[in-house]
Amino acid sequence: MQHVSGGSPRAWRSASLVAAAAALLALTTACGQDKGDQSPDGQNVGNQAPVKDGADAGDGYGSGNGYGSDTGSAADSAGKAKAAGQLAVWDSKKLGKVVTDSAGFTLYRFDKDTAEPPKSNCDGACEKAWPVVAAKGAQAAPGVDKSLLGEVTRSDGTKQLTIDGWPMYRFAKDAKPGDAKGQGVGGTWYAAAPDGKKAAPGAAGGGADSGSDGYGDADDDADAGGDAAQPADLAGLSTRNDPKLGEIVVDKNGMTVYRFTKDSAWPMKSACTGACLEKWPVVKPVERNDTKGILKKGFVTFDRPDGIKQQTIDCWPLYTFAGDKKPGDTNGQGVGGTWYAAAPNGKPVGATK
């Protein structure tokens, strides 16, 4: 008896077995490629990497107080207009919807500027405390009217980004994404909403400089922000361009995703169990179509021996860090010389080879 395909039952069964074997081989290959990061039992891979801010390296879990702190600044090149790239909208618990640059730094507007016509009145010492945002390359945040974006020519001839006519700035005291320390400084500086209006009209920040210049010098201790801003409408797993680490993976809440170099990809195995999981919670399974910019090879769910289901990239188990308090934090980077932010391809960013 002939099948529709024209082959015998024996040939059909043989073809099925070959296909199944090929699929298994493909998965095996995908899960066994990254052997350079694989850590055999008992070997502390990457143990020569520096331990961050006194983190406890005894177990590599960061179980001490060594959560670290990112002391970088949005104004490392103060006075130079830096591109904003793809703008985003973050939903701050205190300020409402706030517009940020592609790296997650808050953008501000200045009450002494004008929108009709657009004009910046911040230069000299003011510009050092409030670096201007370059107009070139800026793209509207998803769901925001592109026509609101524009530019104004400053007194030095450079082009500054405007939103609905208002010139945009960063604040030198914002050390990391999610900070909003410029909010209310001098009663004239406010985080910008996606439509260019003030994110929190009339709000004044605790400790803000109330001097007559209203510039809020970089030496001030203004700290009106610092609330746990939450990114809006992120995929289950996506990427963020961190100013120091480059492109790293974040979860649906914008929290940094990490790799543990004591884990292995083939066979999939997690060396983080018990108390370790309190400091390093697993990333729960994510649908393949609920991702953006993530490698799909080896994008499988790891059924851990403890019964917990964990997401992987390239078969490497993924975690977040309890020491990260808000989106943009990377306090887990380098902890114990074994924990590193995950790159989109699943590799540990900055780990010693």
Taking Arg109 for its side chain and Gly196 for its backbone only, find out whether a donor-acceptor pair lies under 3.5 Å. yes
Should the pair Lys309-Asp303 be classified as a salt bridge under the 4.0 Å nitrogen-to-oxygen rule? yes
In terms of the angle between their ring planes, are Phe321 and Trp280 parallel, tilted or perpendicular, with boundaries placed at 30° and 60°? parallel
Taking the side chain as C-beta and beyond, is there a heavy-atom pair between Arg304 and Thr273 under 4.5 Å? yes
Could you tell me if the side chain of Leu95 sits less than 4.5 Å from the side chain of Thr106, heavy atoms only? no
Over 60° means perpendicular and under 30° means parallel, so classify the ring planes of Phe110 and Tyr169, tilted if in between. perpendicular
Aromatic rings Trp339 and Phe260: how do their planes relate, parallel, tilted or perpendicular, breaks at 30° and 60°? parallel
With a 4.5 Å heavy-atom cut-off, do Leu107 and Arg170 have their side chains touching? yes
Do the non-hydrogen side-chain atoms of Lys292 and Thr239 ever get within less than 4.5 Å of each other? no
Leu318 and Leu277: same hydrophobic cluster, using ILVMFWY side-chain contacts below 4.5 Å? no
Are Asp123 and Arg154 close enough for a salt bridge, meaning some N to O gap below 4.0 Å? no
Please answer whether the main-chain N or O of Trp316 pairs with a side-chain N or O of Asp314 as donor and acceptor at a distance below 3.5 Å. no
Could you tell me if the side chain of Ile313 sits less than 4.5 Å from the side chain of Val257, heavy atoms only? no
Looking at Gln311, Met255, Lys252, which one forms a side-chain contact (heavy atoms from CB on, under 4.5 Å) with Val283? Gln311
If only atom types and distance count, is the side chain of Asp324 paired as donor or acceptor with the main-chain N or O of Asn331 below 3.5 Å? yes
Does a donor on one side chain sit under 3.5 Å from an acceptor on the other, for Thr330 and Lys176? no
If Ile, Leu, Val, Met, Phe, Trp and Tyr residues are connected whenever their side-chain heavy atoms lie under 4.5 Å apart, and connections chain through other members, are Leu149 and Val133 in the same group? yes
Between Gln310 (side chain only) and Phe302 (backbone N and O only), is there a donor and an acceptor less than 3.5 Å apart? no
Looking at side-chain heavy atoms only, is the closest gap between Pro142 and Gln86 below 4.5 Å? yes
Ion pair check, Lys173 and Asp179, cut-off under 4.0 Å: no
Within-4.5 Å side-chain heavy-atom neighbours: Val99 and Val144: no
Report whether Leu237 and Trp90 are members of the same hydrophobic cluster (ILVMFWY, side-chain heavy atoms less than 4.5 Å apart, transitive linking). no
Close side-chain approach of Asp111 to Lys198, heavy-atom, < 4.5 Å: yes
Taking every non-hydrogen atom, the tightest pair across Tyr340 and Gly334: CE2-CA, 3.9 Å
Taking NZ, NE, NH1 and NH2 as the nitrogens, is one of them in Asp174 or Lys181 under 4.0 Å from a carboxylate oxygen of the other? no
Is it the case that more than 12 heavy atoms not belonging to Lys136 sit under 6.0 Å from its NZ atom? no
Side-chain (Asn241) to main-chain (Ser102) donor-acceptor, under 3.5 angstrom: no
OH (Tyr319) and CG (Asp263) are apart, to the nearest 0.5 Å, by 3.5 Å
Straight-line distance of Asp242 CG to Ile248 CD1, nearest 0.5 Å: 4.5 Å
